[in-house]
Amino acid sequence: MAKRLLGSLLAITLLPAQGMAAISTAELEEFELSLWQVRTDFHMLAVMTGSDAYASDLDRSISRAQAALASLNGDAEGSEERDLVTALEKDWQIYEDAASGNTMAEQGFTNAYIIQDVNELPAIMVEKMEAFGEAKSGQYDDVRELAAYLQRMTSEYLNLAADPSGGMAAGSDEGRLEFKDAVPQFEKMLAAAKSKHAGDEAMARALNQVGLKWQFIRESMVKFYENAVPFLIYRYTKQMVETMDQAISLASTDVEKPTFGPVE
């Protein structure tokens, strides 16, 4: 009896704890951010008529998304997590193929149905991740969420800049953002992050820099149809996301804390 009980207890300890997630919110937010970066770079490539520099940016974003998905795959345990990752991998394959299919440089246009996939699939994948809701939480999840939301707004801005009709071949509204709602939502998230991390010197400094740069592009977000400035939005968003990425990556290390320079 004692041997059977010991064996049962050992078997239990070798199984993932009930309700304990193996994948983290940080990993999910990293994948989401990279999905919106791919969408942003796809549309920026169209705006810039196939420039090699922006083609390289798109390649880097695709590589970042692949790495984020590989991390999720490596950490996933249990049927629920495996099912989520399998679904994401299936969608990603379609999305990657579409994002790699921007023919602006070669043909001067891109197939409308490719654009539709690029616009719709990130939102579909994000919905699946949000429905999961069992990931391990971390200290800077709110900052990662802030970066992903900013990148999502910018991807929508670039979508409209590339095609003022919205670039939607079948007229779908899947995942669309309205700037009149998205701008105050971002500012609410930024204010909450500043308050939460007020005692964290490096992160507070990073978020203050994000706030300063945000002021340079805020009105352009609100008044897109009056004065579209896609290059400015693209550049500032890239700087803001890099600032948040850097602050998160250095927050728990013993190296010298980052110094964030003036707004360019």
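Since this is a predicted model, take the numbers as computed values, not measurements. Residue numbers run from 1 in the order of the sequence given.
Applying the 6.0 Å contact sphere to CD of Glu201 captures no more than 12 heavy atoms from other residues, nucleotides or ligands. Atom CG of Asp181 has more than 12 neighbouring heavy atoms from other residues, nucleotides or ligands inside a 6.0 Å radius.
Sorted by first then second residue, the ring-ring contact (aromatic ring centres under 6.0 Å, His included) pairs that include residues 50-79, not counting sequence neighbours, are Tyr54-Tyr234. The salt bridge (Lys or Arg N to Asp or Glu O under 4.0 Å) contacts involving residues 57-76 comprise Glu30-Arg64, Asp57-Arg60, Asp57-Lys238, Arg64-Asp245, where partners must be two or more places apart or lie in separate chains.
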side-chain contact (heavy atoms from CB on, under 4.5 Å) assessment of Met129 paired with Leu35: CA-CA 12 Å; Met129 289 188 283; Leu35 292 176; 4.2 Å; yes
side-chain contact (heavy atoms from CB on, under 4.5 Å) between Ile217 and Thr154, worked out: CA-CA 10 Å; Ile217 64 173; Thr154 297; 5.6 Å; no
Full working for side-chain contact (heavy atoms from CB on, under 4.5 Å) between Asp97 and Gln93: CA-CA 6 Å; Asp97 289 346; Gln93 187 58 60; 3.2 Å; yes
Candidate pair Met203 and Ile248, rule side-chain contact (heavy atoms from CB on, under 4.5 Å), full reasoning: CA-CA 7 Å; Met203 183 57 70; Ile248 291 170; 3.8 Å; yes
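Scanning for side chain to side chain donor-acceptor pair (under 3.5 Å) contacts around Asp200 gives Tyr140, with sequence neighbours left out. In this structure, Tyr149 has no ring pair (Phe, Tyr, Trp, His ring centres under 6.0 Å) partners at least two apart in sequence or on a different chain. Residues meeting the salt bridge (charged side-chain N to carboxylate O under 4.0 Å, His left out) test with Glu187, sequence neighbours left out: Arg218.
In this structure, a donor-acceptor pair under 3.5 Å is absent between the side chains of Gln151 and Thr237. Gln209 and Thr243 share no donor-acceptor pair across their side chains, judged by distance under 3.5 Å alone. Asp41 and Gln37 share no donor-acceptor pair across their side chains, judged by distance under 3.5 Å alone. For the residue pair Arg176 and Asn119, no side-chain donor N or O sits within less than 3.5 Å of a side-chain acceptor on the partner. A side-chain donor from one of Gln66 and Glu96 sits under 3.5 Å from a side-chain acceptor of the other.
Glu130 contributes no side-chain N or O that, together with a main-chain N or O of Glu127, makes up a donor-acceptor pair within less than 3.5 Å. Put simply, the side chain of Glu81 gets close to the backbone of Glu77: a donor and an acceptor are under 3.5 Å apart. Checking side-chain atoms of Ser56 against main-chain N and O of Asp52 turns up a donor-acceptor pair under 3.5 Å. In this structure, the side chain of Asn159 does not engage the main chain of Ser155 through any donor-acceptor pair within 3.5 Å. Of the possible donor and acceptor atoms, one in the side chain of Arg82 sits under 3.5 Å from a partner among the backbone N and O of Asn73.
Within the 4.5 Å cutoff, no side-chain heavy atoms of Met189 are placed close to those of Asp142. Between Ile233 and Ser220 the shortest side-chain heavy-atom distance falls below 4.5 Å. The shortest side-chain heavy-atom distance between Ile23 and Lys136 does not fall under the 4.5 Å cut-off. Using a 4.5 Å heavy-atom threshold, the side chains of Ile115 and Phe42 count as touching. A heavy-atom distance below 4.5 Å is not found between the side chains of Leu121 and Arg39. Inter-residue side-chain proximity for Met125 and Phe31 is flagged as met; some heavy-atom pair is nearer than 4.5 Å.
Between the CD1 atom in Ile62 and the OG atom in Ser100 there is a gap of 3.5 Å [rounded to 0.5 Å]. Between the NE2 atom of His43 and the OG1 atom of Thr40 there is a distance of 8.0 Å, given to the nearest 0.5 Å. Summarising the geometry, atom CD belonging to Glu29 is positioned 11.0 Å from atom OG belonging to Ser34; distances are rounded to the nearest 0.5 Å. We find the CG-CD distance between Leu28 and Glu134 to be 11.5 Å, quoted to the nearest 0.5 Å.
The two residues Ala99 and Leu58 come nearest to each other via the heavy atoms O-CD2, 3.4 Å. Here the closest non-hydrogen pair linking Val241 and Leu150 is CG2-CD2, 4.3 Å. For Ala162 against Ala46, the heavy-atom pair with the smallest separation is CB-CB, 4.1 Å. Taking each heavy atom of Val210 and Met244 in turn, the nearest pair found is CG2-CG, 3.8 Å. Nearest approach of Val85 to Leu72, heavy atoms of both residues: CG2-O, 3.9 Å. Taking each heavy atom of Asn208 and Lys194 in turn, the nearest pair found is OD1-CE, 3.7 Å.
Under 4.0 Å is where a charged nitrogen must lie from a carboxylate oxygen, and between Arg152 and Glu156 no such pair does.
Between Tyr157 and Phe224, the ring-plane angle classifies as perpendicular under the 30° and 60° cut-offs.
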All N/O donor-acceptor pairs, side-chain side in residues 104-111, below 3.5 Å, sequence neighbours left out:
residue: Thr110; atom: OG1; partner: Asn102; partner atom: OD1; Å: 2.8
residue: Thr110; atom: OG1; partner: Thr103; partner atom: N; Å: 3.2
residue: Asn111; atom: OD1; partner: Tyr113; partner atom: N; Å: 2.7
residue: Asn111; atom: OD1; partner: Ile114; partner atom: N; Å: 3.3

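You'll find the ring centres of Phe186 and Trp214 inside the 6.0 Å limit.
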